[in-house]
Amino acid sequence: MTLRLWNSLDKKLVDLDPVIPGEVRMYNCGPTVYSDPHIGNFRSFLMGDLLRRVIDQRGFKTTHVVNITDVGHLTTDDVADASGEDKLEKEAREQGIDPFEIARKYEEVFHTNARQLNFRLAHEYPRATDHIPEMIEMIEKLIERGHAYEVEGVGVYFRVHSFEKYGCLSGNTLENLESGSRIAVDDRKESPHDFALWKIDEKHLMQWDSPWGRGFPGWHIECSAMSYKYLGGTFDIHTGGEDNVFPHHECEIAQSVGAGVGEFARIWMHARHLLVDGRKMAKSEGTFFTIKDLIERGFQGYEIRYSLISNHYRQPMNFTLEGLEGEAKAVSRLRVLREKLETVADEDFGRDQELLESLDSTRQAFDACIDDDLNLSGALGVLHERTRLLGRELPRGVAAGDALEFLRHCDEILGVLFVEEVVAEDTLSGEQQSWIDQREAARENREWDLADSLRDQLKEAGILVEDGPDGPTWTRIR
RNA sequence: GGCGGCAUCGCCAAGUGGUAAGGCACGGGUUUGCAAAACCCGCAUCCCCGGUUCGAAUCCGGGUGCCGCCUCCA
């Protein structure tokens, strides 16, 4: 079985056939650490995590790099020159602190969220600001090879007309760009489409020395420099959100190939954006969610993860809280089955050969979906169907162990079944606790009306009480 | 203006030539003091019009509608 992936470079499905047999090297465009990452960011990062898990499971040696962009990008100006303001810097001014402090703070938030969503750890998380010399070196190579030029006191630009393949990824060839020209002319540049590699702007807070003066690197060079350092000039997979296609990834290709370090990435994968309530995510619309927001609403990390991976990455996803609620129920059923199987797995029952074979064919169907360009919806369909069969007639003993083994296999990709629930520290008010106690007393005395009215009372206070074999449990209604 | 994507049950969503997976919701049932959870049963002919084919949700042509990128953006 071969993993087939949609390569957005040549717009077709290709077999994953690594440059180095048996070894896959992958670069995921990671977070820009100037604010809390949102669920849309994580949908894209999760595509990288899913890939990582599949590649591991298929037995490849993996090198997985996720970059941390701690030099921000321009926020203003449609002129690609040095007059824009860095997002990190803007954030720093607003918060009145050092931009590096902000970057470290949000880098930490990213890692926390990634843990909450059960990401497998990448092998490297290189920071842009730790790789300024590498970037400078690459810019020098580009100048040497005629792909870049310095504008005295302004910076260094990439000469797009020197790179024939410009536009190969996005379709934004120079011809197309010129016919649809919306970029203001800046006569310091040879072509309006030339993009900055190094910028000089004394107002900028983050500054480094370079052969062209004190300044800061352009928007795209970090990924070219860092992927080269950690993965070499030719590697297997490069991922990002769809908005990265142009200009970011297009420019990366121009830089890396132009610098002569290799072919650069063979397979490009781009996640479609996530919408919220059918619209683009926006703070002003109230459609902006961070992982923290959802956890504060009482959702588990694995529920959020399940929701974000349950749609195909190449399809726009419409996130809604109602949808998340439904997906939380779906994953809960899977976890309940897991728990049931765990409790009976020790029982003295033998193997069920027929079940074992049937599980194996389900596993193959599951894998086939995953291998087909990460068809998670299809794979989850297969899993739920099997779950229903297992729930109908719960296997015991060794057979239960076999069923668990099957679930574990699926969960190596999904990462939602065998993770512990995070129980938030939470206590009821004394009054609410006494209602629960009173209700228990009433139930002892078979005073059902009183018991039920107490439960209604709690429900109005947002507390859901459920009776189980070990007495009542309560949860907050989310 | 340039480049690209999508339209399948109330909602989410698989299926890409062989006669519509799955989840949520909903209805009925088992269980429960009642609930909840769990389990069982039920629940669509695929935007429109033409065409190709023995056969199309799946291919082709034409509509209609929606969306993304082209500027920082996952």
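What you are looking at is a predicted structure, and each value in this text was computed from that prediction instead of being measured. Just so you know, these numbers use all the heavy atoms, side chains as well, and skip hydrogens, waters and symmetry mates. Below, chain A is the first sequence line, B the second, and so on; all start at residue 1.
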Using the [atom1] atom on both, measure [N] against [M] and round to a whole Å.
N: U58(B); M: G51(B); atom1: P; result: 14 Å
N: C3(B); M: C11(B); atom1: C1'; result: 32 Å
N: C41(B); M: C24(B); atom1: P; result: 14 Å
N: C47(B); M: A20(B); atom1: P; result: 16 Å
N: C60(B); M: G17(B); atom1: C1'; result: 13 Å
N: U8(B); M: C67(B); atom1: P; result: 15 Å
N: C40(B); M: C46(B); atom1: C1'; result: 29 Å
N: U52(B); M: A14(B); atom1: C1'; result: 26 Å

Establish, with yes or no, whether the OP1 or OP2 oxygen of [N] is under 4.0 angstrom from a side-chain nitrogen or oxygen of [X].
X: Asn375(A); N: G15(B); value: yes
X: Arg333(A); N: A36(B); value: no
X: Lys280(A); N: C73(B); value: no
X: Thr32(A); N: A74(B); value: yes

If you only use heavy atoms from C-beta on, which nucleotide in [options] is closest to the side chain of [X]?
X: His273(A); options: G33(B), U71(B), A74(B); value: A74(B)
X: Asn311(A); options: G33(B), C12(B), A25(B); value: C12(B)
X: Glu385(A); options: C34(B), C70(B), A21(B); value: A21(B)
X: Ser377(A); options: A14(B), A38(B), A25(B); value: A14(B)
X: Arg443(A); options: G68(B), C70(B), G33(B); value: G33(B)
X: Asp467(A); options: C34(B), A74(B), A25(B); value: C34(B)
X: Arg388(A); options: A25(B), A35(B), C40(B); value: C40(B)
X: Arg272(A); options: G15(B), G5(B), G33(B); value: G5(B)

**Prompt:** Which residue lies toward the 5' end of RNA chain B, Trp6(A) or Trp448(A), if each is placed at its nearest nucleotide?
**Reply:** Trp6(A)
**Prompt:** How do Gly381(A) and Gly378(A) order along RNA chain B: which one's closest nucleotide is nearer the 5' end?
**Reply:** Gly378(A)
**Asked** Hey, what's the ring geometry for Phe42(A) with Phe45(A), parallel, tilted or perpendicular (30° and 60° as the breaks)?
**Response**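 Judged by the thresholds at 30° and 60°, the geometry between Phe42(A) and Phe45(A) is perpendicular.
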**Message:** Once you measure the plane-to-plane angle for Phe235(A) and Tyr27(A), does it fall in the parallel (<30°), tilted (30-60°) or perpendicular (>60°) bin?
**Reply:**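 Phe235(A) vs Tyr27(A) ring planes: tilted.
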**Message:** Quick one: does any side-chain atom of Asp36(A) pair with a main-chain N or O of Thr290(A) as donor and acceptor, under 3.5 Å?
**Reply:**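 Answer holds: no.
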**Asked** Going by modelled atom types, is there a donor-acceptor pair between the base of A35(B) and the side chain of Arg455(A) at under 3.5 Å?
**Response**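 Answer is yes: a donor-acceptor pair is held.
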**Under 3.5 Å donor-acceptor pair, Asp243(A) side-chain atoms to C72(B) base atoms** =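 No, the side chain and the base share no sub-3.5 Å donor-acceptor pair.
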Could you check whether [X] gets within reach of a base, just the sugar-phosphate, or nothing at all, counting any heavy atom under 4.0 Å?
X: Asn244(A); value: sugar-phosphate
X: Lys11(A); value: nothing
X: Arg392(A); value: sugar-phosphate
X: Ala330(A); value: sugar-phosphate
X: Gly40(A); value: base
X: His312(A); value: sugar-phosphate
X: Arg338(A); value: nothing
X: His384(A); value: sugar-phosphate
X: Gln315(A); value: sugar-phosphate
X: Ser170(A); value: sugar-phosphate

Rounded to whole Å, how long is the line connecting atom [atom1] of [X] with atom [atom2] of [N]?
X: Glu466(A); N: C34(B); atom1: CD; atom2: P; answer: 16 Å
X: Leu274(A); N: G5(B); atom1: CG; atom2: P; answer: 21 Å
X: Trp219(A); N: U71(B); atom1: CH2; atom2: C1'; answer: 7 Å
X: Leu454(A); N: G33(B); atom1: CG; atom2: C1'; answer: 15 Å
X: Asp456(A); N: A36(B); atom1: CG; atom2: P; answer: 13 Å
X: Leu376(A); N: G23(B); atom1: CG; atom2: P; answer: 16 Å
X: Met317(A); N: C67(B); atom1: CE; atom2: P; answer: 19 Å
X: Asn318(A); N: A74(B); atom1: CG; atom2: C1'; answer: 17 Å

**Request:** Answer yes or no on whether Arg338(A) is positioned over the face of Phe418(A), meaning its NZ or CZ is under 6.0 Å from the six-membered ring centre and within 45° of the axis.
**Result:**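 Yes, Arg338(A) and Phe418(A) form such a contact.
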**Request:** Using the six-membered ring of Trp6(A), assess whether NZ or CZ of Arg314(A) lies under 6.0 Å from its centre and within 45 degrees of the ring axis.
**Result:**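 So Arg314(A) does make the cation-pi contact.
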**Request:** Assess whether side chain to side chain contact (heavy atoms under 4.5 Å, CB included) is satisfied between His131(A) and Val71(A), documenting all intermediate values.
**Result:** CA-CA 11 Å; His131(A) 295 80; Val71(A) 179; over 6 Å; no
**Prompt:** For the ring pair His249(A) and His220(A), is the centre-to-centre distance below 6.0 Å?
**Reply:** no
**Message:** Ring centroids only, cut at 6.0 angstrom: are Tyr125(A) and His111(A) within range, meaning strictly under it?
**Reply:**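 Judged by ring-centre distance (under 6.0 Å), Tyr125(A) and His111(A) do meet the cut-off.
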Mind checking who [N] pairs with, Watson-Crick or G-U wobble, both distances under 3.5 Å?
N: G10(B); answer: C24(B)
N: C34(B); answer: none
N: C46(B); answer: none
N: U58(B); answer: none
N: C3(B); answer: G68(B)
N: C39(B); answer: G29(B)

**Item:** Among Glu124(A), Arg120(A), Arg52(A), His123(A), the one residue meeting side-chain hydrogen bond (donor to acceptor under 3.5 Å, both in side chains) with His64(A)
**Value:** Arg52(A)
**Prompt:** Got Leu324(A) and Leu294(A) here, is their nearest side-chain heavy-atom distance under 4.5 Å?
**Reply:**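 Yes, at least one pair of side-chain atoms sits under 4.5 Å.
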